[in-house]
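All remarks here apply to the structure that follows.
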Amino acid sequence: MKFMKLGTRPDTFYTEQATRSLVSDVQADLVIKINDTTYLLHKSSLLPKCGLLQRLCSDSSDSENVPLDLHDMPGGADAFELCAKFCYGVSINISAHNFVPALCAAKLLQMNESIEKGNFVGKLEAFFSSCILEGWKDSIAALQATDKLPEWSENLGITRKCIDSIIEKILTPPPQVKWSYTYTRPGYTRKQHHSVPKDWWTEDVSDLNIDLFRCIIMAIRSTYVLPPQLIGEALHVYACKWLPGITKLKNSLGSAAITEESKAINRKILETIVSMIPADRGSVSAGFLLRLLSISGPLGVSPVTKTELVKRASIQFEEATVSDLLCPSTSSLDQNFYDTELVQAVLESFLKFWKRLYPGAVDNRSLLKSIRNVGKLIDSYLQVVARDDNMPVSKFVSLAETVPAIGRLEHDDLYQAINIYLKVHPDLSKADKKRLCGILECQRLTPEVRAHAVKNESLPLRTVVQLLYFEQEKDSMETTSSKLQKSHDLLLGAKMRPVTRDSHGKRSLMNKEEVTRRTSHAEDREKGQYKAKQSDAKLALDLERKMVIREDTEEIGSEKLRVAKEERMSSSKLDLDSKNSIQRARSKKSEHGRQKGR
């Protein structure tokens, strides 16, 4: 950081009862009021260099007794005091931090070359051109100082000159960068990297307010010199510095301590950053877009900004990782930790995007690859959110069902997520268990996972029966196919076997008859095994039907059961009475016959 030293006299200014004065043998004859500060100074020192004071003092008939009010002094009392010290020859240091208010105050006081040669304005402008604009950090600091005096800085051309100087340096090829800059990326040490990184300028520019930062970024984008990824990196650095809610949502945005003023500032920053994201895909990461989207709700951003974020995040959804999706819920009404509704909104937008891009192209390779990658991502995400004690079944199932059927080749990852959910929520009702496991397709499980599921005590009995039925049906089909293949191979081998002849030189039919007998025996055995498999499958199916009947029976009221029981008892009693009556009639008839015979 460069500075300019002016004056040689020691600083003898002092304060007494809100009045600033200078130690001098001469009595003060000039009173100047700036806001709450009063200055007792000398006309002989200030008037020769200040055209404004000359005019004000000449207009006053009794200037010694009438104080001059300069409440509109740019930079306030501090800036005026720099000008006063210059007039007295007191030693002062001018740098990029105090240059802007000093120049604005000197311009107001008309400390120009026309009043006196070598005046304050001339020296400040020379320092600005030769030192501040030539340096990188000096230009940043001077532009940052214009934030307090925007109108003055704009009218004097300070803002425009600083922006032009900064843009010129940003567009300089990295090998030609010779000035110092701030670069604190994790793992980066300048000693090990002799080359200048391409994003060397992003951290220093992030010190500016959002309006000045926008001016810099939009000017750079208009040149089309830097790639969109570099612009996106600058936006990412700025957001991480000014939007701490990106990393600590629950503690910052969710707390009541955040004021409406700071929320409005953050909302403006977020909306401005989104408006500056380059249209090129990959200019910013999917994780960055998702983090911006996660804080857009608490900050109350406009619907247009939120829709744009959902659209941009859905386009790059395939590139996201599970950690990118783990956005904590910021709603005070939502008890679950993770914001699954945000993920589902982006997923639905992703599916709509692909349908518009490839209408009806179900067999498109790029479409299938993207959807299956996203399906695997969602299943991995479900395995994490399943560990949340407060995660409702409805949200879990809704997110899982949003993935289309073509998005999952296998249901192994989905089974793992369901298994975790069942273990974390052991008190789940039968209805919720049935709904949860209803999204699982048994035929899409690998044999290893299916074997584990059959022994899983957490699964409902209906699901286990379905797994057993599918397993037996699959084994039966494989066995039938294998037996048919063996019979085919046996017949093929008999045809290729050499023909034998008997003692009379005739062909022997023994091998053919033997082959026929063996083939018939194999077919009979195969049919028996197939019937056994069919019997097992029928048994499993009957068991499943009984499960359905039992579940339906449990839903019948106790009154119906009692009535059915009474009807069965009365029916059995009537049958018993009928049998007894018939038996008594037969015994009487036989006794009457014996008596007649006698």
Side-chain angles (χ1 to χ4, degrees), residues 184-188 197-199 202-203 206 217 227-254 266 269-299 301 305-330 337-351 353-354 369-385 387-388 399 402-403 407 413:
T184 59
R185 298 294 196 282
Y188 178 85
K198 293 181 179 180
D199 57 341
T202 54
E203 289 190 37
S206 67
I217 295 299
Q229 291 77 12
L230 203 51
I231 303 297
E233 177 62 19
L235 298 177
H236 178 261
V237 171
Y238 193 91
C240 290
K241 184 167 186 174
W242 292 93
L243 296 174
I246 281 185
T247 53
K248 296 181 180 179
L249 296 172
K250 282 284 187 182
N251 296 334
S252 57
L253 295 178
N266 289 336
I269 292 174
L270 178 56
E271 292 178 348
T272 306
I273 288 176
V274 174
S275 68
M276 290 189 292
I277 297 177
D280 307 73
R281 176 173 177 172
S283 57
V284 293
S285 66
F288 177 60
L289 292 169
L290 288 168
R291 288 195 296 273
L292 290 179
L293 182 59
S294 65
I295 64 174
S296 62
L299 291 179
V301 300
T305 302
K306 200 167 185 178
T307 303
E308 178 66 18
L309 278 173
V310 172
K311 176 185 173 184
R312 296 296 299 268
S314 64
I315 293 175
Q316 299 180 219
F317 199 37
E318 183 186 356
E319 306 165 9
T321 62
V322 176
S323 59
D324 294 333
L325 303 185
L326 298 179
C327 301
S329 176
T330 55
F337 188 79
Y338 297 107
D339 193 351
T340 57
E341 294 179 357
L342 180 148
V343 177
Q344 186 165 350
V346 178
L347 175 59
E348 291 173 352
S349 178
F350 165 81
L351 297 174
F353 169 75
W354 277 109
K369 183 180 178 182
S370 298
I371 292 181
R372 284 169 182 171
N373 287 339
V374 169
K376 194 170 185 65
L377 174 67
I378 293 298
D379 288 345
S380 300
Y381 173 72
L382 288 172
Q383 293 178 21
V384 178
V385 301
R387 294 178 170 85
D388 184 5
L399 181 57
T402 306
V403 179
D413 293 335

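For the numbers below, each heavy atom of this structure counts, side chains included, while hydrogens, waters and symmetry mates do not. Here the structure is a predicted model, which is why all the values come from computation and not from measurement.
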_Residues T184 and E203: side-chain donor-acceptor under 3.5 angstrom_ = yes
*asked:* Do V403 and L347 make a side-chain contact, defined as non-hydrogen atoms from C-beta onward lying under 4.5 Å apart?
replied: yes
*Roughly how far, to the nearest 0.5 Å, is CG of L293 from OG1 of T307?*
10.0 Å
*Please check if any side-chain donor atom of T202 sits under 3.5 Å from a side-chain acceptor atom of E233, or the reverse.*
no
*With a 4.5 Å heavy-atom cut-off, do I231 and S283 have their side chains touching?*
no
_Nearest 0.5 angstrom please: L382 CG to L325 CG, how far?_
10.0 Å
*Any idea which heavy atoms bring G407 and I371 closest together, and the distance?*
CA-CG2, 3.6 Å
_Show, in sequence, the C-alpha distance, side-chain angles and deciding distance for Y381 and L326, and conclude whether the side-chain contact (heavy atoms from CB on, under 4.5 Å) test is met._
CA-CA 8 Å; Y381 173 72; L326 298 179; 3.7 Å; yes
*To the nearest 0.5 angstrom, please state how far the CD atom of Q229 sits from the CG atom of D199.*
12.0 Å
_Please check if the number of heavy atoms outside K369 that lie under 6.0 Å from its NZ is greater than 12._
no
_Considering all heavy atoms, the nearest Y338-D388 contact_ = N-OD2, 4.1 Å
_Going by salt bridge (charged side-chain N to carboxylate O under 4.0 Å, His left out), name the residues that satisfy it together with E271, two or more places apart in sequence or in a different chain._
none
*Closest heavy-atom contact between A313 and L290?*
CB-CD2, 4.1 Å
*Mind checking what makes ring pair (Phe, Tyr, Trp, His ring centres under 6.0 Å) contact with Y238, not counting sequence neighbours?*
F213, W242
*Could you grab the distance from atom CG of L289 to atom OG of S296, nearest 0.5 Å is fine?*
11.5 Å
*asked:* Going by side-chain hydrogen bond (donor to acceptor under 3.5 Å, both in side chains), name the pairs with one or both residues in residues 312-322, residues two or more places apart or in two chains.
replied: R281-E319, S314-S349, Q316-E319, E318-S370, E318-N373, T321-S323, T321-D324
*With rounding to the nearest 0.5 Å, note down the distance linking CG in L243 to CZ in R291.*
11.5 Å
*Just by distance, do the side chain of D339 and the backbone of C327 share a donor-acceptor pair under 3.5 Å?*
no
*Do D280 and P227 have side-chain heavy atoms sitting under 4.5 Å apart?*
no
_If I compare all heavy atoms of I273 with all of F288, which pair ends up nearest, and what's the gap?_
CG2-CZ, 4.4 Å
_Nearest heavy-atom neighbours spanning L235 and P278_ = CD1-CD, 4.3 Å
*Just wondering, do T402 and L351 contact through their side chains at under 4.5 Å, heavy atoms?*
yes
*Could you tell me the separation between the NZ atom of K376 and the CG atom of D413, rounded to the nearest 0.5 Å?*
4.0 Å
